[in-house]
Amino acid sequence: MKIASVIVDVPAKQTDKTFDYLIPEQWSDIIQPGTRVVIPFGPRNIQGFVTEIKSESDFNNLKAIIEPMDLEPVLNHELLNLGDWLTEHTLCFKISAYQVMLPAALKAKYEKKIKISSGAAVNDLAPILHPFFQKGRTLSWDEALQFGIVPALKKETENGLLEVHYEVKERIKKKKLKFVRPLLSAAELTAEIAKMTGRQVKQKEVLTYFVLYHEPVELKKLLSDLSISASTVKSLVEKKILIEEDMEVYRDPYLNRTFERTKPLPLSEAQKAAISPILHSIEKGEHEVFLLYGVTGSGKTEIYLQSIQNVIEKGQEAIVLVPEISLTPQMVNRFKGRFGDLVAVLHSGLSAGEKYDEWRKIHRGEVKVVVGARSAIFAPFENLGIIIIDEEHETSYKQEEMPRYHARDVAIERARNYNCSVVLGSATPSLESFARAQKKVYHLLTLPTRMNNQALPSVEIIDMREELREGNRSMFSRKLFEKLKERIERQEQSVLFLNKRGHSSFVMCRDCGYVMNCPNCDISLTYHRAGGQMKCHYCGYESLVPKRCPECSSEYIRYFGTGTQKVEDELGKILPEARVIRMDVDTTGRKGSHERLLKEFQEGKADILLGTQMIAKGLDFPNITLVGVLSADTMLHLPDFRSSEKTFQLLTQVSGRAGRHELPGEVIIQTYSPEHYSVELAGTQDYDLFYNREMMVRKTHRYPPFYYLSLITVSHEELLKAVKETEKIVAFIRSQLSNETVILGPSASPIPRINNRYRYQCLIKYKREPNLIRTLKTILDQYQKDTKSGLQVSIDVNPFILM
DNA sequence: AGCACGCCGACT
DNA sequence: GTCGGCGTGCTC
């Protein structure tokens, strides 16, 4: 009998290896590497992934696989190997690596149930258990706990009257619809019609229908189209003329939408020059990484589309990654418009079932292109021809939970496996990518000008300290106010952008400035409008907003939204005639409201669009001629070495929203630190200069791209333990790594306490450290093995945020 | 992660 | 003497 190596669904150090199982003869054709299986593991049944089929095992008494969960493997050979790569590079468990590659719907659900043994009767049981097992009922373990009857159950289990069953269930069912199709040929149907009596009018009608359309039809549709009842169909089914069948259908989120088909647009000279090396590498089937550096509005998307066109014509597939927030209908339209049904879309707005169905389209090879957010990088294609990452610099490509992967790294790894190219596109490339392009590791392609040579908007930086000195205490500079007024008179549109740290709101006392903090974590609570509650994002603590400030008893305690509410109020005072649409977490909470608000703005139902980060992306409306950034520097002073880079990218991004069409655009940036180079250079839209300046800073402070980083976070309930243990780790790492490597710590984490656990960290900066992964693994092994110390150690290789 | 096995304190 | 606390170690 064949043997399968299985990775079991238990994310723990001790089980992070394969377990061997016998493959029952009846499943031997189906069970292959990549198939999910149900296996007995200890006393229970759980899910596992087959990684290998072999004929021998080092173990003697192998158990057998209970059953496969798939008819086709869900992971192909390449993805199984990619799992190994992920495990190695992010130091995660194998099972976590496989799970992250699949839609959540494929994660198993476990149920523990108590059933009466065959041959035993309800009356044999202890009397208190009688009500729970009447009429063959089963009892779930949760219910057993609730009713406090576990000891009684245990006793009867030992007596052999009850049995414990461990069930592994699918999370989502495939959606099925009833279809009807003819069993006979058209000619035979005609003969049947002739045989029928005059009374069988409806049946004749149905058969006539099938003579004309000899195809399966959804039962519901047939009934309503011919306005007949189910009994008519039923009698034809009984006569074996028709047959009813269940057919799998997809939950298609874009089902009732039509996409205007587009044709490839003629390319500008610059675009031609940029696309030609990409097409060349597609043709040759070479692995290369391109950095497509093109200012906003320079036509990057058309380059993506035409590259993909070539890939499809070659019979290959394409993955396009887009940041979640810019995965707007506008973006989807462009791809669906060009490639129609060959496109699958994966983003967080879809339900688990919809995501699963989109995934299945890819898995079955029914689509050739997937457009999606970060996790779409794992799309189960078998013949990838290109991977495109738009807005390559976006931080959302880094996953902040285990496995902490960066989609860019995964993309390059997958592309290497398929010998295909990666295109990284950005108007403000990450320093890492641009540095690699400079070093010729990546192939740099530039689109220096906007389409049709549209001028970049003129940007003016306003020093808000100056405004204050001259007596203007409002949040609008006089200049911005003037310009806004002007736009309203000219019936043009403006976008106001509030650059707030974080996307959330907090609760603050307006008298003493006291901010409501989580009692368990050193972080402010987030205000949720629903129920007027404050919640902690890290530990889940909840409480109502107090009526009075706990510090000074003032009643002026109120929530500070993203600040947009306040801006809207003030706008109402100074420009009462302006129609404003506000977009923030509060107004876009519900599904689809994001889209709706943008549509209203596009239709000219408002003069001003006011919002946070989320409006910085993808907005491309012809009538926007003014962009105002209310506070450019709120992000600048965060304790993060990337804060300058982020500020520059964001300001440049927002500025690009203005004047993308015929009307020229203007940008006003208000700031308290106009002399800071990231603000100043965003003003002149000078990426190259910014790059040089920032590279010098990174070099002196030994940050990426000059050094790689790894971050170890240690947490414990006692502050002292956390510090001490971090100290130990620091010492150990020092002893293992080279002298050129910088090891910082122990230092308190930027969030020093989460869920009553103190957090200390150690930051490693290194250039070349072949021993690093091994050293980090040793540390993890140590702490994952012993769970009693109460210490938790987590490691982020190449962290994005140092938290 | 679960779960069983096992070795010590407070109860019928 | 037994029930049950959770410490320890295993799951092919």
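A note on names: the letters A, B, ... follow the listed sequences, proteins ahead of strands, and every chain is numbered from 1. Remember, it's a predicted structure, so these values are computed and weren't measured experimentally.
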**Message:** Does any part of the side chain of A:Tyr356, heavy atoms only, come nearer than 4.5 Å to the side chain of A:Arg171, both counted from C-beta?
**Reply:** no
**Message:** Just so I know, are the side chains of A:Val100 and A:Ser375 near enough to count as touching, which here means a heavy-atom distance under 4.5 Å?
**Reply:** no
Under 3.5 Å, is there a donor-acceptor pair between the side chain of [X] and the main chain of [Y]?
X	Y	result
A:Lys63	A:Gly42	yes
A:Arg404	A:Lys398	no
A:Gln761	A:Ser747	no
A:Arg251	A:Asp357	no
A:Lys112	A:Arg44	no

**Request:** Tell me the stems DNA chain B sits in, counting at least three consecutive Watson-Crick or G-U wobble pairs, each under 3.5 Å on both distances.
**Result:** B:1-11 with C:1-11
Rounded distance (Å) that lies between atom [atom2] of [N] and atom [atom1] of [X]:
X	N	atom1	atom2	value
A:Glu111	B:dA1	CD	P	21 Å
A:Lys154	B:dC3	NZ	P	11 Å
A:Asp142	B:dG2	CG	P	12 Å
A:Asn45	B:dG2	CG	P	14 Å
A:Trp141	B:dC3	CH2	P	7 Å
A:Leu145	B:dC3	CG	C1'	14 Å
A:Ile66	C:dC12	CD1	P	11 Å
A:Asp20	C:dC12	CG	C1'	6 Å

**Derivation and outcome, side chain to side chain contact (heavy atoms under 4.5 Å, CB included), residues A:Leu75 and A:Arg36** = CA-CA 9 Å; A:Leu75 295 171; A:Arg36 292 177 306 149; over 6 Å; no
**Request:** Ignoring backbone atoms, establish whether A:Tyr110 has a side-chain N or O less than 4.0 Å from OP1 or OP2 of B:dG2.
**Result:** no
**Prompt:** Which part of the nucleic acid, if any, lies within contact of A:Phe93, taking any heavy atom under 4.0 Å across all strands shown: a base, the sugar-phosphate backbone alone, or nothing?
**Reply:** nothing
**Item:** Selection: residues 53-60 of chain A, any non-hydrogen atom under 4.0 Å of DNA chain B
**Value:** none
Protein-nucleotides 6-12 of chain B N/O pairs under 3.5 Å:
none

Output one line per pair: protein atom, nucleotide atom from nucleotides 6-11 of chain C, and distance, for all N/O pairs under 3.5 Å.
| unit_1 | atom_1 | unit_2 | atom_2 | d |
| --- | --- | --- | --- | --- |
| C:dT11 | O3' | A:Gly42 | N | 3.1 |

List the atom pairs, with distances to 0.1 Å, where a side-chain N or O of residues 121-133 of chain A and a protein N or O form a donor-acceptor pair under 3.5 Å, not counting sequence neighbours.
| unit_1 | atom_1 | unit_2 | atom_2 | d |
| --- | --- | --- | --- | --- |
| A:Asp124 | OD2 | A:Ala121 | N | 3.0 |
| A:His130 | NE2 | A:Val122 | O | 3.1 |
| A:His130 | NE2 | A:Leu125 | O | 2.9 |

**side-chain contact (heavy atoms from CB on, under 4.5 Å) partners for A:Gln32, two or more places apart** = A:Thr35, A:Pro73
**Message:** Please tell me whether A:Tyr405 and A:Phe378 form a close aromatic pair, meaning their ring centres lie under 6.0 Å apart.
**Reply:** yes
**Request:** Name the orientation class of the two ring planes belonging to A:Tyr397 and A:His406 (parallel below 30°, tilted from 30 to 60°, perpendicular beyond 60°).
**Result:** tilted
**Nearest heavy atoms of A:Ala4 and A:Val50, plus distance in Å** = CB-CG1, 4.0 Å
**For the student: nearest non-hydrogen atoms of A:Thr157 and A:Val164, plus distance** = CG2-CG2, 4.1 Å
